[in-house]
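These notes are about the structure you will find just below.
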Amino acid sequence: MSQPPIPLLPVHLEQGYAQAVPELSLAWRAAPAPDPTLQVLNDDLAVEVGLDPAWLAGPDGLEFLLGQVPQSVPTVAQVYAGHQFGGYSPRLGDGRALLLGELLDTDGQRRDLHLKGSGRTPFARGGDGKAVLGPMLREYLMGEAMHALGIPTTRALSVVATGERVMREEGYLPGAVLCRVAASHLRVGTFQFAAANGGPDLVRRLADYAIARHYPAITTDAHGPDNLGDPGNPYLALLEAVAGAQAQLLAQWMSVGFIHGVMNTDNMTISGQTIDYGPCAFLDAYDPATVFSSIDHGGRYAYGNQPGIAQWNLARFAETLLPLLHPDPDTAVDRATDALSGFARRYDAAVTAILAAKLGLPEPESAAESESDADAVAAAGAVQPRALIADCLELLREQRVDFTGFFRALAAGTARDLFAEPTAFDAWAQRRAAMVVGEPVEVAAAMNRINPAYIPRNHRVEEALAAATDGDLALFERLLSAVRRPFDERADLADLAEPAPDDAPAHVTFCGT
């Protein structure tokens, strides 16, 4: 069967990453699809990155979204390494994905266009290189939900069904290709591969690229072997910047009950965006030990472990930069340790501020840089809500209260109804009332601006994906409509705000490969 001619592109794709560090990618082409059909297209995102939604929805646009681009456009598969569940894998990479290229969005920011499910590459490690419709729609939905919640994330531009049937454990399922947009696909694992296979020179070039692309305020003009002892070392600044971005990201994840599911080092970005929505989910009943991933048997990536795992991943990143931090190894380790020590402080300050706002409390005096500073602030009479926050979370855990629903109910004055034994809540609520500042109506309105009514409820996601796999996208589109406006309660979507029934089976997620 002959393939249609490859269209001319209405957008200029660049290959800055592949040109800057050619050792870290491999030229490769996407597999053709026998009978493509568009499932979902993100019109707003298309416009944002300078693409015409009408063109994308047409025959030429579908070919583009499947990676069928002119030979003059060099698409590549990226290589990286990674610690997967704590074990090091020296060679991973885009086993079923391709980087179409980079473009400048309407704000002049460089963005990656990246395919998933576009066919087997040399990094596939035995996989078929394909993807199926359900997991690709999950990534689309989750990315849109996180974006609407204000959490840095990759976003899906489209999901195109390929017309193939792809074999999985459940049998033959409809194949699909996802096209996503990211600030970049630089990962901790990218630096791990560079360090292991190219040494300090390759890591330096990769770091210079990362700085220029994501942290341009860091100057690299004066770096070099003779300047590594300078406290203004740009690579130390890069480590601190990435740690800060990840601290903020993890605080945002935790504040909405998001569980990534597979926080391997190859799934942590240098940009601070959330990436790779495989076995991800949101908390129903609050419990830090919650694990949804079918492959996380030991609970390594449980909800409550996520901040610690992020710091562990950052330590692996720091290891790759050590030769660039100082000529003396011991001094380099000391500098990296100092930089990483700020992660916990930044995370604690960020998550405390977010949770205080979610509870309608005044902004905490969390600018304290140390415990002694915090003690001084408290001694000066400033209100510190940390204990109130901790006690609230413990109450939610003890009585298995729905995490998302609690904060909206608290604003509405109905939170007591969520507790099987409300006496303990009553005592906590009295303490909270003594700390709240402002008119109740205004406080409640402020709370509802940051506490979502709608998240991708796990049971609703599974219902929607099952129906979509059978050819009906109505449930998916309804859920997508809700999570794109998560703070606006709508009577016709009230059922999507409800947690799973008490007799619902335990939720389990899978990686989708």
Side-chain angles (χ1 to χ4, degrees), residues 6-22 24-25 27-28 30 41-58 60-78 94 97-116 118 139-140 143-144 146-148 150-158 160 177-187 190 205-221 234 238 241-242 245 249 269-275:
I6 294 175
L8 295 176
L9 300 185
V11 63
H12 176 60
L13 291 175
E14 300 179 0
Q15 292 78 37
Y17 173 71
Q19 293 167 357
V21 280
L24 300 180
S25 57
W28 205 255
L41 178 65
N42 196 330
D43 288 7
D44 291 344
L45 181 58
V47 172
E48 186 178 307
V49 298
L51 292 167
D52 178 8
W55 180 82
L56 288 173
D60 289 348
L62 289 191
E63 292 299 314
F64 172 74
L65 293 171
L66 291 166
Q68 303 305 305
V69 295
Q71 290 294 322
S72 59
V73 179
T75 57
V76 300
Q78 299 163 102
D94 289 339
L98 284 179
L99 179 62
L100 283 183
E102 305 150 17
L103 47 74
L104 297 180
D105 65 18
T106 52
D107 291 328
Q109 299 298 310
R110 185 170 297 272
R111 313 277 283 275
D112 279 0
L113 280 184
H114 191 254
L115 302 181
K116 183 181 285 189
S118 53
E139 178 149 347
Y140 188 108
E144 288 304 281
M146 296 288 270
H147 175 70
I151 299 174
T153 181
T154 61
R155 295 175 68 190
L157 177 62
S158 63
V160 178
V177 174
L178 175 132
C179 181
R180 71 181 176 196
V181 175
S184 82
H185 285 78
L186 298 181
R187 313 160 188 257
T190 312
R205 286 189 285 122
L206 178 61
D208 287 348
Y209 179 83
I211 289 169
R213 183 157 180 178
H214 295 302
Y215 304 102
I218 299 172
T219 178
T220 59
D221 293 342
L238 173 63
V242 174
L249 178 66
T269 62
I270 301 305
S271 67
Q273 284 189 325
T274 312
I275 195 171

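Numbering of residues begins at 1 and proceeds along the displayed sequence.
- Between V73 and Q15, the closest side-chain pair of non-hydrogen atoms falls below 4.5 Å.
- In this structure, L103 and R111 have side chains that are in contact, with non-hydrogen atoms separated by less than 4.5 Å.
- Under the 4.5 Å side-chain criterion, counting only non-hydrogen atoms from C-beta, L186 is in contact with H214.
- Between the side chain of Q273 and the main chain of A183, a donor-acceptor pair closer than 3.5 Å is present.
- For the pair T274 (side chain) and P152 (backbone), a donor-acceptor distance under 3.5 Å is present.
- We find the CG-CG distance between L66 and L115 to be 7.5 Å, quoted to the nearest 0.5 Å.
- Residues D105 and E48 approach most closely at CB-O, 3.2 Å, considering heavy atoms.
- Annotation: side chain of T190 is in contact with side chain of Y17 (closest heavy-atom distance under 4.5 Å).
- Judged by distance alone, the side chain of N42 and the main-chain N or O of A156 form a donor-acceptor pair under 3.5 Å.
- Looking at heavy atoms from C-beta onward, W55 lies out of side-chain contact with V11 at the 4.5 angstrom threshold.
- Between L56 and S158 the shortest side-chain heavy-atom distance does not fall below 4.5 Å.
- C179 pairs with exactly one of V160, L41, L157 by the side chain to side chain contact (heavy atoms under 4.5 Å, CB included) rule, that one being L157.
- Distance alone, capped at 3.5 Å, places no donor-acceptor pair between the T75 side chain and the L100 backbone.
- In this structure, the side chain of E102 engages the main chain of G16 through a donor-acceptor pair within 3.5 Å.
- Put simply, the side chain of D52 gets close to the backbone of A54: a donor and an acceptor are under 3.5 Å apart.
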